[in-house]
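Just so you know, these numbers use all the heavy atoms, side chains as well, and skip hydrogens, waters and symmetry mates. Just so you know, these numbers come straight off a predicted model, no measurement behind them.
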Amino acid sequence: MTEIKDTVALAGNPNAGKTTIFNALTGSNQRVGNYAGVTIEKKSGEFFTPHGRKVRVIDLPGCYALNAESLDQQIAARVLLGQDSLEPPPSWIINVVDASALERHLMLTLELMELGRPMVLALNMIDVAENQGIRLDPRLLSEQLGIAVVPMQASHGKGLIELKQSVRHPLPLPPESKWLRPGMSDEEKREARLRFIHETCLLAARRPDAAQVALSDQLDRFFLHPIGGWLALLVAMFVLFWTIFRFSEIPMGWLEFAQEWLQSVVSNSMAPGDLNDLLTQGIIGGVGSVLVFLPQIVLLFFLIGLLESSGYMARAAFMMDGLMSRVGLSGKAFLPLLSSYACAIPGILATRTIDSAKERLVTIFVAPWMSCSARLPVYLLLVPLLLHEKEGGSMRQALVMTALYATGTLTAFLVAKVLRKKLGPDERKHHFMIELPPFRRPQWNYILRHVCDRAWAFVKNAGTIILAISIILWALQTYPKSESDDPAERLSHSMMGRISRVIEPIFRPLGHDGKTGAAILTSFAAREVFVSSMAIVHHVEEAEDENLARASLRDTLQDTAWPDGRPMFTTASLISLLLFYIYALQCLPTSAVVARETGSWKWAVSQFLFMTAFAWLTACLAYQIGIRIP
């Protein structure tokens, strides 16, 4: 085994192409871990120089400066400054810069050079710069900075061999910070860097005449226009969600078929009994009910990656900043909240890019109110029942579904505004700053790798936390056992059924009995479990087709009545149930992620209790008002 003698850190601004270079250098020789004390991923790998020397490389989070305040940028700065307890200071720094935005990226370059470590500049995206008419001179840039400069087009693998060759031995002398003088203040250092950057770019990166307008700037005249920009954003969001729900149906059907097939194989290969039920219903059924939504999550991350890689996502965040600032958030909260429509967990993880700690907490707090894909089966069951229609693509059902999503979103914004005021202003005022990268062709390799990473993270979550919850809930629904063959009677006799009778007085004001209460309790593993639980407690036979199963269940619910003959599922009680599912935090894995991201169970428990109480109160008010309206 070749000994690893050096560690190289990839550092640079966001969207400079660090991860593309990292993937090209390491290939499949990658490991993903976490930095000490936080859940931010730490990607590391190995590659060989042309001389056969094995080098370890770490892909640091993107940062604009070494004194940044967002969590991910602080991690990058900590490693570069040698302050990370588990990561030794890097032997080399490869600074990746976007050649088309050299003036902005060189500010971090100069800060890195001042650290006094061997360094090489990866001048990435030279094709984009040349298309904009920028005349680059890497040789002059190298002479001006005093470090090696490697022109690259990382998305096509150009310059990769030259970059590996630049990591040579013996180590070169640390670069000289010739723009600094002893005794300079921080402000004087900043001004000196700016002057040096201006002089350097005049020599080595001459821009076209001011009369020439780049294609990206021409497109921005529409995408950032007060009217055209909003039209483009609405169309993009419509296409995104329509694509997710339209094209995910087929792979979701495959997963449902695979789940049913696996349950059948396991069931037929074992003797009937508790172990059989645990494997088929508790583990395969519980985890499978969550994995079935993997296609929607994969599609969402693919489309978000497409928008990010093309350069549009930064424009969308810029457009949303003005609107979100009215509720105490910034445009940086847009992407986390957007991601939460597929699943709140990746949305919460995406808040790491937010500079303000208080804004990040608020965004984490309200993210679960973006109606995630797990709520969709509940909506598909209840909305046609509410409208007395068959399940289908009617305009009325589409309008009600839109209203459900809008209700959660608007409530999240209102609560964010209240909570942001309650937390008070930041000790240091933060300004929304985002780099608008040029529009470019998507980097398919990066998008596909990003999607695979996120999909695997979701699968791992389903195989750990959700697996444990599924087993616990199966045990509650199974024990103590009843001699009856009636599934409803067995559930009533179980611990879950006994708990439901205890909590029935809690659900009565919402217009529901203990059976519905028990189904709601089971859905804390995964919201979509509510549908199958309702089918069990109401004696509805299973059907191979999911749509037929929901239709049969709706017919049964339509005829369900209270002991005095009153119909149970009325307009008021259905609206009450829908509101409860909009607002209740029925996702314990999300609470676990909130606890990790905030560093305290206090926030996670407070969020869970607040959202549950808010859901109950809203549902109660809706039902009590509804039954009093003639």
Side-chain angles (χ1 to χ4, degrees), residues 4-13 16 18 21-22 25 44 47 49-51 53-68 73-84 87-97 102-124 137-152 159 162-186 188-201 203-204:
I4 300 176
K5 296 185 178 181
D6 296 308
T7 296
V8 173
L10 282 176
N13 287 189
K18 289 186 299 78
I21 293 177
F22 174 78
L25 285 173
S44 63
F47 71 92
T49 68
H51 302 93
R53 191 178 185 91
K54 193 174 185 180
V55 177
R56 177 173 175 265
V57 58
I58 52 176
D59 182 17
L60 296 176
C63 63
Y64 293 103
L66 295 181
N67 60 349
Q73 296 187 62
Q74 288 177 3
I75 290 295
R78 201 166 73 192
V79 173
L80 291 167
L81 294 170
Q83 298 172 352
D84 190 279
E87 186 66 54
S91 310
W92 279 78
I93 297 175
I94 296 179
N95 178 212
V96 184
V97 301
L102 195 59
E103 296 93 333
R104 292 195 298 272
H105 288 230
L106 282 180
M107 179 61 77
L108 177 64
T109 301
L110 300 190
E111 289 191 41
L112 295 176
M113 291 175 66
E114 292 169 13
L115 296 178
R117 291 197 176 91
M119 183 169 155
V120 60
L121 187 76
L123 190 62
N124 196 24
D137 192 329
R139 182 185 61 81
L140 270 177
L141 182 60
S142 177
E143 292 178 359
Q144 184 74 0
L145 294 175
I147 59 175
V149 174
V150 180
M152 298 191 69
E162 291 81 358
L163 182 63
K164 290 182 177 180
Q165 289 175 337
S166 68
V167 184
R168 55 184 174 82
H169 282 79
L171 297 177
L173 294 175
E176 180 185 356
S177 304
K178 52 189 175 182
W179 54 89
L180 297 182
R181 298 189 313 273
M184 296 179 75
S185 65
D186 290 342
E188 289 173 335
K189 288 181 181 179
R190 180 178 176 278
E191 292 176 357
R193 293 185 194 118
L194 289 173
R195 286 194 300 268
F196 185 80
I197 290 171
H198 180 68
E199 295 169 1
T200 300
C201 291
L203 290 172

Minimum heavy-atom distance Val149-Pro138, with the two atoms named: CB-O, 4.0 Å
Side chain Asn124, main chain Ala16, donor-acceptor under 3.5 Å: yes
Test item: Leu102 and Thr200 side chains (from C-beta on) under 4.5 Å apart, heavy atoms: no
Leu81 CG to Glu111 CD distance, which is reported to the nearest 0.5 Å: 9.5 Å
Shortest non-hydrogen contact from Val150 toward Gly159: CG1-O, 3.7 Å
Leu203 and Asp137, any side-chain heavy atoms less than 4.5 Å apart: no
Approximate separation, where rounding is to 0.5 Å, of Ile75 CD1 and Gln83 CD: 11.0 Å
Working for side chain to side chain contact (heavy atoms under 4.5 Å, CB included), residues Met107 and Leu194: CA-CA 7 Å; Met107 179 61 77; Leu194 289 173; 3.3 Å; yes
Interatomic distance, Asp6 atom CG to Thr49 atom OG1 [nearest 0.5 angstrom]: 9.5 Å
Ion pair Arg195/Glu199, N-O distance below 4.0 Å: no
Shortest non-hydrogen contact from Glu188 toward Gly183: OE1-O, 4.2 Å
Validation row: Glu87, Thr7 side chains within 4.5 angstrom (heavy atoms): yes
Partner of Met113 under side chain to side chain contact (heavy atoms under 4.5 Å, CB included), chosen from Ile147, Leu108, Leu106, Leu180: Ile147
Rounded distance [0.5 Å steps], CG in Leu145 versus CG in Leu140: 10.5 Å
Taking every non-hydrogen atom, the tightest pair across Cys63 and Ala76: SG-CB, 4.1 Å
Flag side-chain contact, heavy atom, 4.5 Å: Glu114 against Trp179: yes
Over 12 non-hydrogen atoms of neighbours within 6.0 angstrom of CZ in Arg117: yes
Spacing of Arg193 atom CZ and Thr109 atom OG1 [to the nearest 0.5 Å]: 11.5 Å
Side-chain donor or acceptor of Lys18 paired with backbone N/O of Val96 under 3.5 Å: no
Ala11 backbone acceptor or donor facing Asn95 side chain under 3.5 Å: yes
Test log, rule side chain to side chain contact (heavy atoms under 4.5 Å, CB included), inputs Phe196 and Gln144: CA-CA 9 Å; Phe196 185 80; Gln144 184 74 0; 3.6 Å; yes
Closest non-hydrogen atom pair between Val120 and Ser166, with its separation: CG2-OG, 3.6 Å
Which atom of Pro175 lies closest to which atom of Gly146, heavy atoms considered: CB-O, 4.4 Å
Rounded distance [0.5 Å steps], CZ in Arg190 versus CE in Met184: 12.5 Å
Leu112 vs Leu115 side-chain heavy atoms within contact, under 4.5 Å: yes
Pair Asn13-Val97, side chain to side chain contact (heavy atoms under 4.5 Å, CB included): steps then yes or no: CA-CA 7 Å; Asn13 287 189; Val97 301; over 6 Å; no
Validation row: Val167, Arg53 side chains within 4.5 angstrom (heavy atoms): no
